[in-house]
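Okay, so here's the structure we're looking at.
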Amino acid sequence: MALDERPDRYPFPEIEAKWQRVWAEREQFKVTEQPGRPKYYCLEMFPYPSGRIHMGHVRVYAIGDLLARYKWMRGFNVLHPMGWDAFGLPAENAAIDNGVHPAVWTYENIDNMRTQLKRMGISYDWDREVTTCDPAYYKWEQLIFIRMLERGLAYRRRSRVNWCPSCQTVLANEQVEAGRCWRCDSEVTIREIDGWFFKITEYAQELLDWCDRLPGWPERVLTMQRNWIGRSEGAEFALPVAGRADLTIPIFTTRPDTSFGMTYAVLAPEHPLVDRLAADDEERRLIEAFRAEVARETEIERLATDRPKRGLRLTARAVNPFTGREIPLFLAEYVLMGYGTGAIMAVPGEDQRDWDFAKAHGLPIVATVKRPADWKDDQAYTGDGVKINSGFLDGLGIEEAKRKAIDWLVARGLGQAKINFRLRDWGISRQRYWGAPIPVLYCDKDGMVPEREENLPVVLPRDVQISGKGGSPLAEVAGFVNATCPKCGGRARRDTDTMDTFVESSWYFLRYCSPAYERGMFEPGAAAYWMPVDQYIGGIEHAVLHLLYARFYTKVLRDLGMLKVDEPFQALLSQGMVIKDGAKMSKSKGNVVDPDDLIRRYGADTARLFSLFAAPPEKDLDWNDRGVEGASRFLNRIWRFVHTHLGEMGAAAGPADARSDPGRAFRRLIHETIQKVTHDIEHDFHFNTAISAVMELVNALHDFERASLDGMARPERGALLREAVETVLLLLGPVSPHITEELWAALGHRESLFTRAWPVADPGSLARDAVEIVLQVDGRVRGRLSAAVDAPEAEIREQALADSKVRPWLDGRQVARVVVVPGRLVNIVTRG
RNA sequence: GCCGGAGUGGCGAAAUUGGCAAACGCGCCGCACUCAAAAUGCGGUGUCCGCAAGGGCCUGCGGGUUCGAGUCCCGCCUCCGGCACCA
């Protein structure tokens, strides 16, 4: 049966529309800097305007709004903004498919999604909305680009890059997942191309160090970042080529202690020195053939670690500087140009890859670490041990031998200690249209010249042919390409690439601080007040990508003297995915739940309640239509209760004066619930248990209502019902704001629920005079008793031993020991 | 292979510090209301033995520490995520 036909639902469509209108009219969530008042910057990752919100969005924004409203009620000045990550490929693809201009498509989508989000009733300050494809936004990004250029933090070079043949553009390393494009899943190929890079490697050490100083971040995200940065310590040294005084090969190793075991050395096939090592044309031909063979390999094939290692032996030989012996030189595909120096010393005794290669090519293997007695010698040994076969290092431990080997290299001027990072510079040039233009020109006379600051923004031209085939569409726009050289005034050509859209998302949180500011990226005072973001919320898929870039960009702005903070995000909440029927929601699987449908059928309050109740935020959320029914039922139950008891609660004057025992017990539960809900929100964001505590209170409210019909004074009953109901509304407000605001008003309040202070548990009401003590015999529960809170241990012990439920279990046995845990339990340990 | 996380009822999940395992919700069963249904309300619901009272067994597996272990320690297994020929 269609749910919107049900007459028994509370009238959520009217209520939700009404309060959304009232909040907007009152400008209730509009904020300004208020020095001296504690601030709270609550931020959810802004969406790409794909056209429609999905359940993942509902989940993040429900979490963010709960925190924002909660912090409001706790007296914080809360910045809670929303905007659009508006540049990107889908807009261009839509243009190719439907002939709609990317700008038109994007702005229409934004309008749709804004309407959808507003229907969720989230407490955004919509006056701060930011759209990244607006020239007033990307202007500042272009300015910072020029500043980075001046500092050498942005540079241009020709390099081998990841190329997505489907998106027709370059991808950064972070945007390749297992050899495939992060966006379209196509297999990535390698291309040599000119492009711009941001020098994120300059910040590798700092980005790594701060991973230890972000206690508000989930460990798994920090681990992924540490792995990605990939620091390793070792040595770099010059490997001499036999008979070639003019030629050495730079080598990076993390195991300088094993140098005496170097029985051959390997260069990456594309290593630039290889050309100089070739003995004659014949060998040059062999090298080219080998390179071509390797180049044919797809990234996927190269990733397979378990196949035979192919190599090409060169006629040139090297000299192991430690042993003085000549060793063979190879090209092999297992050595990558992109890491270290692109050349390795091979120590088959202590490195498994070298071992495999040595076995395949019949090369000698020398052990330089003493093996354990039962060692089978069928693989490389990477464990600990004493150095052997290593000349002056013999007898040392590995760590000490590393230091001595480096000292030896330094003393001879051959090398030094070296730290290497896996992190590569961030390639930001994209050969696509819908992005921020790179503010640089090329002049025949002056070469590469940045645009003058007063000419910014370099506006993305509107009239352009987008075919999706080959090269940047901007290159075809004569009016854009042909420009004046800012230096000599002669003719110059603009750079026709656009910036990676991850550049826009690296600083949008700063723009929110002063979104209309015209004299710079952000107003310094506003940023000083609001930054850093106190709580950032978003999907785990950005653990490395966006979160690493934003951290880097923040540090760059700090070093440009624009910002005081070292890190943008104080705390991070990585919420799980929304799953249905065991799979991520997707159109292809046909398991998508449309938030619009859901809100139309149940209301935003129910959608929000369910998505917060079904699982703790960091876990995947299993969508369940029956569970949504349950959430709806719960809100209806509260609605009915308030409306059927309005008269009685309205008659209550003053605070609840609980005189009777049941009254005091009920009041204690009200205050225990306040305590529990506050703890669950503050301690670990476990909103699911916070909500279950409110559900328990509502259940108890119904029980109390029935039980107190006879025998309890009417004023006491009415006052307690009112106190309980008001507590429920306050605690549930941040979860389901419309219904709680409506019922709050129905109870006679004239001011908004969200201007009320968050309730605080009253210690007097929490106090209890008796506690239940569990009685165990040999660890098994056999009875229970009620004891005064302050009853002495000896007394409880006596009562336990004398208890009628306990005594049969002691028959024929001796009491060996009695453990009394005050306020909790007694365990009687027996013997015999 | 390395790093990180997780295994608890039919299902989603709870369990502050080592102290009553399964709160809350879903589903299911029963009852009330109803001509009937829906909705709503009330009660029950880990599992095995038992008519019942009651008792045994239960947190992936095997050990250990402890009066007491879902929780701590040791050794395994499985699943999920990340990185991966990184020298």
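All chains are named by letter (A, B, ...) in the order of the sequence lines, taking the proteins before the strands, and each is independently numbered beginning at 1. Not measured: the values here are computed from a predicted model.
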If the [atom1] atom of [N] is compared with that of [M], how far apart are they to the nearest Å?
N	M	atom1	result
B/C3	B/C57	C1'	38 Å
B/C26	B/G9	C1'	13 Å
B/C28	B/C11	C1'	11 Å
B/A13	B/G46	C1'	15 Å
B/G10	B/G44	C1'	16 Å
B/C83	B/A15	P	31 Å

Do [X] and [Y] have side chains that approach each other closer than 4.5 Å (heavy atoms only, starting at C-beta)?
X	Y	result
A/Arg9	A/Trp639	no
A/Val819	A/Val826	no
A/Trp228	A/Leu548	yes

Quick one, which residues of residues 668-676 of chain A touch RNA chain B with a heavy atom under 4.0 Å?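 Residues of residues 668-676 of chain A that come under 4.0 Å of RNA chain B do not exist, since none gets that close.
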Taking only heavy atoms on the protein side, list every residue of residues 216-224 of chain A lying under 4.0 Å from any atom of RNA chain B, sorted numerically.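 Contacting residues: A/Arg220, A/Thr223, A/Met224.
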Starting from the C-alpha separation in whole Å, work towards a yes-or-no answer on side-chain contact (heavy atoms from CB on, under 4.5 Å) for A/Phe237 and A/Leu239. CA-CA 6 Å; A/Phe237 67 92; A/Leu239 181 70; 4.2 Å; yes
Base, sugar-phosphate or nothing for [X]? Non-hydrogen atoms, less than 4.0 Å.
X	value
A/Trp355	nothing
A/Thr341	nothing
A/Gln352	nothing
A/Arg780	sugar-phosphate

When the distance from CE of A/Met337 to C1' of B/A87 is rounded to whole Å, what number comes out?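 A/Met337 atom CE is separated from B/A87 atom C1' by 13 Å.
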A/Arg782 CZ to B/G54 C1': how many Å, rounded?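 Atom-to-atom, A/Arg782 to B/G54, this comes out as 10 Å.
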Confirm from the modelled atom types if [X] and [N] form a donor-acceptor pair under 3.5 Å, side chain to base only.
X	N	result
A/Arg784	B/C20	yes
A/His679	B/U16	yes
A/Asn827	B/C67	yes

Where the side chain of [X] is concerned, which of [options] is the nearest nucleotide?
X	options	result
A/Val829	B/C67, B/G12, B/G41	B/C67
A/His702	B/A87, B/C20, B/C42	B/C42
A/Thr254	B/G41, B/A87, B/C86	B/A87

Would you please confirm or rule out a distance under 4.0 Å between OP1 or OP2 of [N] and any side-chain N or O of [X]?
X	N	answer
A/Arg231	B/C86	no
A/Lys619	B/A6	no
A/Arg817	B/C67	yes
A/Arg310	B/C85	no

Centroid-centroid distance, [X] to [Y], less than 6.0 Å:
X	Y	value
A/Phe502	A/His546	no
A/Phe330	A/His361	yes
A/Phe610	A/Tyr602	no

Can you name the residues that form a side chain to side chain donor-acceptor pair (under 3.5 Å) with A/Gln352, not counting sequence neighbours?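 For A/Gln352, the residues satisfying side chain to side chain donor-acceptor pair (under 3.5 Å) (neighbours in sequence not counted) are A/Asp356.
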Contact letters for nucleotides 23-29 of chain B, in which S counts primed atoms plus P, OP1 and OP2 and B counts the base, heavy atoms under 4.0 Å: BBSSS--
In the structure shown, which nucleotide is the Watson-Crick or G-U wobble counterpart of [N], with both distances under 3.5 Å?
N	result
B/A23	none
B/U78	B/A6
B/C83	B/G1
B/U59	none

Could you walk me through whether A/Thr727 and A/Ile674 pass the side-chain contact (heavy atoms from CB on, under 4.5 Å) check? CA-CA 8 Å; A/Thr727 303; A/Ile674 293 171; 3.5 Å; yes
For A/Asp620 and for A/Arg353, find the nucleotide of RNA chain B with the closest heavy atom, then tell me which residue's nucleotide is more 5'.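 Result of the comparison: A/Asp620.
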On RNA chain B, compare the nucleotides closest to A/Met345 and A/Asn227; which residue's is nearer the 5' end?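 Of the two residues, A/Asn227 wins.
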Less than 4.0 angstrom from a charged side-chain N to a carboxylate O is my criterion; do [X] and [Y] meet it?
X	Y	result
A/Asp811	A/Arg807	no
A/Glu696	A/Lys676	no
A/Glu705	A/Arg637	no

Going by the rule side-chain contact (heavy atoms from CB on, under 4.5 Å), which residues pair with A/Ala62 if we only count those two or more places apart in sequence or in a different chain?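 With neighbours one apart ignored, the set is A/Arg608, A/Ser611, A/Leu612.
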According to side-chain contact (heavy atoms from CB on, under 4.5 Å), who are the partners of A/Thr254, at least two apart in sequence or on a separate chain?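 Testing A/Thr254 for side-chain contact (heavy atoms from CB on, under 4.5 Å), a comparison that skips the adjacent residues, returns A/Ser232, A/Phe252.
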Chi-angle category of B/G9 [syn within 90° of 0, anti beyond]: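 Syn.
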